[in-house]
Structures are given as C-alpha cells and as structure tokens.
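Everything below concerns the one structure shown next.
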Amino acid sequence: MFDFRPKKQVTIMQTGETYACPIGENLLKGMTLLGRKGIPVGCVNGGCGVCKVKIVEGTVESLGPVSRAHVSEEEECQGYTLACRVGPVSEVTLEVAGKMVKPFSKGFQAQATPPAEVNK
C-alpha cells in the first residue's frame, strides 16, 4: 500500500542519514517504518524519554503532549522534544540527545554452554 501523504526530509545530524517522513506522522514512526536506525526507540508513546531529540533546523508540530519528566520547559525552548510526539512541517535536521543505541540492547546476553558440558 502506497502512502500518498506529502513527506518532508528528516536528517539525523550524528549520522547524516536522511529519511522521508509523512506530514502528520511522528518523526520516530516515520523512521521506523522505513526500517531505519538512528533515533533510539523505547515505549513509542512519550513515557520513557528514550527518543529525545533536539530540532536543529526546521519546524515540527506537536502530535501529543511531551512529558515534563523528560523535556523541561527550558529544554523545549532550546529545541528539545520527543521524536514520538512531533511531526515535520518542513524539512527537519535533528540531533539525538541521548546515546545512538537502544538502552535495552546492552542488557542480558545469553551465554552458550560448551558442548562437552551439556550432557554431564
């Protein structure tokens, strides 16, 4: 199914990667729909703050409330927001505020049992 909505280019400063995000779609969903990596993904509804970004250039519109637990009024005035809560109005350049990796990817790592020890 083809999405006929107009799209705006979004650029992630740290990587230089760009993707087309439909107007009316949040920046995070636009990126993940394309299978792109870049903005860390957490809960996808504004509760975790993992997708915090700074809008360096361009204009975004609010698509839902931004939690003050993750973005203060002062930060918001400086261009910080949550990628899951804003959509592009114009071309956007953003900077990921946190680490460029998912916080959940460093947790548990399965340890393989050596074959000689399996049937002891």
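The model shown is predicted, which means the values in this text are computed figures rather than measured ones.
Clustering of Ile, Leu, Val, Met, Phe, Trp and Tyr side chains at separations under 4.5 Å leaves Ile23 isolated, with no partner residue.
Across Cys48 and Gly42, no two heavy atoms sit closer than the pair SG-CA, 3.7 Å. The two residues Ser67 and Gly46 make their nearest non-hydrogen contact at CB-O, 3.6 Å.
To the nearest 0.5 Å, atoms SG (Cys51) and CG (Asn45) are separated by 9.5 Å. Distance check, rounded to the nearest 0.5 Å: NZ of Lys8 to OG1 of Thr18 gives 14.5 Å. Taking NZ of Lys52 as the reference point, atom SG of Cys84 lies at 12.5 Å (rounded to 0.5 Å). A distance of 9.5 Å separates CZ in Arg68 from CD in Glu75, rounded to the nearest 0.5 Å. Here Gln9 contributes atom CD and Glu91 contributes atom CD; the two are 5.0 Å apart, rounded to the nearest 0.5 Å.
In this view, Gln78 and Glu74, Tyr80 satisfy the side-chain contact (heavy atoms from CB on, under 4.5 Å) rule, not counting sequence neighbours. Partners of Ile55 under the side-chain contact (heavy atoms from CB on, under 4.5 Å) rule, at least two apart in sequence or in another chain, are Leu27, Val53, Val60, Thr81, Val92, Leu94.
Put simply, the side chain of His70 gets close to the backbone of Gly47: a donor and an acceptor are under 3.5 Å apart. Using modelled atom types, no side-chain atom of Thr93 and backbone atom of Thr11 make a donor-acceptor pair closer than 3.5 Å. Within the 3.5 Å criterion, the main-chain N or O of Val96 finds a donor-acceptor partner in the side chain of Gln14. A donor-acceptor distance shorter than 3.5 angstrom exists from the side chain of Arg85 to the backbone of Pro65, with no hydrogens or angles considered.
Within the 4.5 Å cutoff, side-chain heavy atoms of Pro88 are placed close to those of Cys21. Looking at heavy atoms from C-beta onward, Val41 lies out of side-chain contact with Val50 at the 4.5 angstrom threshold. Put simply, the side chain of Val86 does not reach to within 4.5 Å of the side chain of Glu61, judged on heavy atoms.
A chain of hydrophobic side-chain contacts below 4.5 Å, direct or via other Ile, Leu, Val, Met, Phe, Trp or Tyr residues, connects Met31 to Val10. Hydrophobic clustering (side-chain heavy atoms under 4.5 Å, transitive across Ile, Leu, Val, Met, Phe, Trp, Tyr) keeps Ile39 apart from Val71. If you chain together hydrophobic residues whose side chains sit under 4.5 Å apart, Val66 and Leu28 never meet in one group.
For Lys7, the NZ atom sits in a packed shell: over 12 heavy atoms of surrounding residues, nucleotides or ligands are nearer than 6.0 Å.
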